[in-house]
2 protein chains.
Amino acid sequence: MNKKITLADVAKSLGISKTVVSLVINGKGDHHGISKETQRRVRERIDELNYTPNQLARGFRTGRTHTLGLIVSDISNHFYAQLARYIEDLAWSCGYTLVTCSTDEKIEKEVRQIELLLDRKVDGLIISSSQQSAGMFNRLFEQGKAHVLIDRVFDNMLSPAVSVDNYEGGYQAALHLAAQGAVSPAIFGIGPEHISTLVHRAEGFAAGLRDAGLYIDLQNHFKAPFDGLEEAIAARLEAYHNTHAMPDAIFTLNNNITTFCLKHLQRLGYSVPEQLILMGFDDAAWFAFTRPTVTVVAQPVAVIAERAFSLLMQQISATPSGTQVHEVLPVALIKRLSTARSAPVLAIED
Amino acid sequence: MNKKITLADVAKSLGISKTVVSLVINGKGDHHGISKETQRRVRERIDELNYTPNQLARGFRTGRTHTLGLIVSDISNHFYAQLARYIEDLAWSCGYTLVTCSTDEKIEKEVRQIELLLDRKVDGLIISSSQQSAGMFNRLFEQGKAHVLIDRVFDNMLSPAVSVDNYEGGYQAALHLAAQGAVSPAIFGIGPEHISTLVHRAEGFAAGLRDAGLYIDLQNHFKAPFDGLEEAIAARLEAYHNTHAMPDAIFTLNNNITTFCLKHLQRLGYSVPEQLILMGFDDAAWFAFTRPTVTVVAQPVAVIAERAFSLLMQQISATPSGTQVHEVLPVALIKRLSTARSAPVLAIED
DNA sequence: ATAATTGGTTAAATCGATTTAGGCGATTAT
DNA sequence: ATAATCGCCTAAATCGATTTAACCAATTAT
């Protein structure tokens, strides 16, 4: 277990000071007037000895770790897994490493994870928060700690944020379902109920229905618990089934809900779109080849990642501008067969 | 931007030495005979000042960062996303943070990521490697660096490893397809071709076919490139289609291949299982509710995570045993409708 | 009565890098 | 001829924790 070569070893082996070696490594050789010849010798010796800097020591000294933190509710959720992948690629291309944490929508867990990451001196955070208010993030903002809120946003937040137009997505969904003949649609949501994305999607949906001359009771729509999601959805559908009260349309508020809804409707013997139409928020690869394929409101995942990363890098490398930045990206309605009530002749895309 | 409270601040504010504060924080107070009263005062003041230790400095000094690294080919692949989630939970419950890196099957990228994580002094690595040989890992092993190979394994490897019985999975798949009437099945694989999991699955499949009196050319089965996977699969299926040479059964070597195969078979108008039967390696939530539902060889993801984590922790907290540990976990054949050639009356599970 | 032990504590070294503040000899400016 | 400048390099401080080696007074052992 040969102990690691240190910068001091390199310096000693060349009979020069650590300063020179450090400067050369960091490309500050010319700027500090280290002779070309010395620089060459240093680099040569570094190769010979196979020296690599201890990043921990470096980060400790400089206060910059080249590490970013990503906080989401569940990294195994397809939407967040994709997001993580995009962000990881962006981070890697800038020399950053990404630490991802799943909160399971537990506020307490989220807070501890953020604190842990801060104690580890990550250079920045990208957060899809489960919290109820902007308090903690406003504090981060005032401390000048680089971070970006994504996906979920807050009233009165100071932090830079990137989200999509959830309200509009819900609105479009409602218009589409109404156009396809839905009369008494149901919303399938998920707890906790303060999550901004879900609230906005539902509100937009209600507004769209209203404009289409329909009504839905926003307060009391179904909200499955985060833990035991599938079981709750199955139970709800069974209850509808047993009481012969199945709605004629369902709008599911995220991809997991859509997935489980479809699975259990199928299990109960319902055929979509003939007996009821269904559409969801969030796209996923498989929604394009299930039978029926599923109509969704899709989020521009790559763009969310790119914008959030860019806003984060701005904070890290420059002093942030004074104005609050909240980028709201457009969503896209992808019509597929699950809502093709009349003539199922829609082409399967790509 | 109030600068962070340090251990020295706490010590000074109490008029005592840093040593005492450090010992108390680390629960070594009793062991070093710090009086109960002093310990109480220290803890109280830490709360008052809201002091939290700089984990970077701590890790720098102790050489233990309480960080683990996970290397996989693509975190957005459902199998790895699930694995990551399980490992993250285990790690978190033991006070560890997880850094995940995606390699895109690029050996060069994998090597750099491992080196980076080592320079960051992660306490251990869990690696699903894309490399060709055990060389780098045998070196890690000899240096005593804690790590576990998962999923993919090597000949002559010294490192602890956890994998599944890929050969047996392939074998069972072949028997099943043969039993369902397949006569000339095709394998849909993916590059690079040295990946042990894929090799073993294909070899087991060939052996199973042989035992069922069938034959397949192992050398020349289809291997799609990792980049552009979907397009390659689509093209291959189209080629079959155009030449009226569609096989009567397809065995897909991982969940992504299965997904894309199904999607494009559907696009080309083939009905499964009537015109051809299909089964894949790896389960995924949606395979249980696509139509048809998909027969798969499922891996025990949670167990893989648990065993790998356990082997890693053993190395970190104790001196590893001398014997090479390679745990091989069983796979499970889940029969669904995509291979139900005769009577599609199989119950949809759960 | 002197030495050894114990209880409670501290000063200083240490981890491996970066950064500050100069040093020294040779050249250029005045 | 003296001072200022320049080119090249170094010693030492520093980041914030942990850990080693002792210290001092009070008690116990011999």
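Each chain gets a letter, A, B and so on, in the order the sequences are listed, and its residues count up from 1.
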Query - Exercise: do A:S102 and A:K109 side chains pair donor with acceptor under 3.5 Å - result: no
Query raised in the report: Less than 4.5 Å apart, any side-chain heavy atom of A:T65 and any of A:Q55?
Result: no
Report task. For the residue pair A:N26 and A:R58, confirm or rule out a side-chain donor-acceptor distance under 3.5 Å. Result -> yes
Query - Positive for side-chain contact (heavy atoms from CB on, under 4.5 Å) with B:L70, one of B:V99, B:L117, B:T100 - result: B:T100
Report task. Indicate whether any N or O donor in one side chain lies under 3.5 Å from an N or O acceptor in the other, for A:S159 and A:H147. Result -> yes
Query - Bounds of contact between DNA chain C and chain B, in 5' to 3' order, using a heavy-atom cut-off under 4.0 Å - result: C:dG8 to C:dG16
Requested in this report: Applying salt bridge (Lys or Arg N to Asp or Glu O under 4.0 Å), run through A:R43 and A:D47 and close with a yes or a no.
Outcome: CA-CA 6 Å; A:R43 271 190 258 275; A:D47 279 357; over 6 Å; no
Query raised in the report: Does the side chain of B:P160 come within less than 4.5 Å of B:L149's, by heavy atoms?
Result: no
Query raised in the report: Are B:K106 and B:D227 within salt-bridge range, i.e. N to O under 4.0 Å?
Result: yes
Query - Along DNA chain C (nearest heavy atom to each residue), the more 5'-positioned of B:I34 and B:A57 - result: B:I34
Query raised in the report: So which of residues 46-55 of chain A are in contact with DNA chain C, with a heavy-atom cut-off of under 4.0 Å?
Result: A:Y51, A:P53, A:N54
Query raised in the report: When we call it a touch if two heavy atoms are under 4.0 Å apart, what does B:L56 touch: a base, just sugar-phosphate, or nothing?
Result: nothing
Query raised in the report: Testing A:S163, A:S128, A:S73 for side-chain hydrogen bond (donor to acceptor under 3.5 Å, both in side chains) with A:D151, which one passes?
Result: A:S128
Query raised in the report: Is the closest basic N to carboxylate O distance between A:K18 and A:D9 below 4.0 Å?
Result: no
Under-3.5 Å N/O pairs linking protein and nucleotides 19-24 of chain D:
unit_1, atom_1, unit_2, atom_2, d
D:dT19, OP2, B:K28, NZ, 2.8
D:dT19, O4, B:T19, OG1, 3.2

**Report entry** Separation of atom NE2 in A:H31 from atom P in D:dC8, rounded to whole Å
**Finding:** 14 Å
Requested in this report: With heavy atoms under 4.0 Å as the rule, sort B:G15 into base, sugar-phosphate or nothing.
Outcome: sugar-phosphate
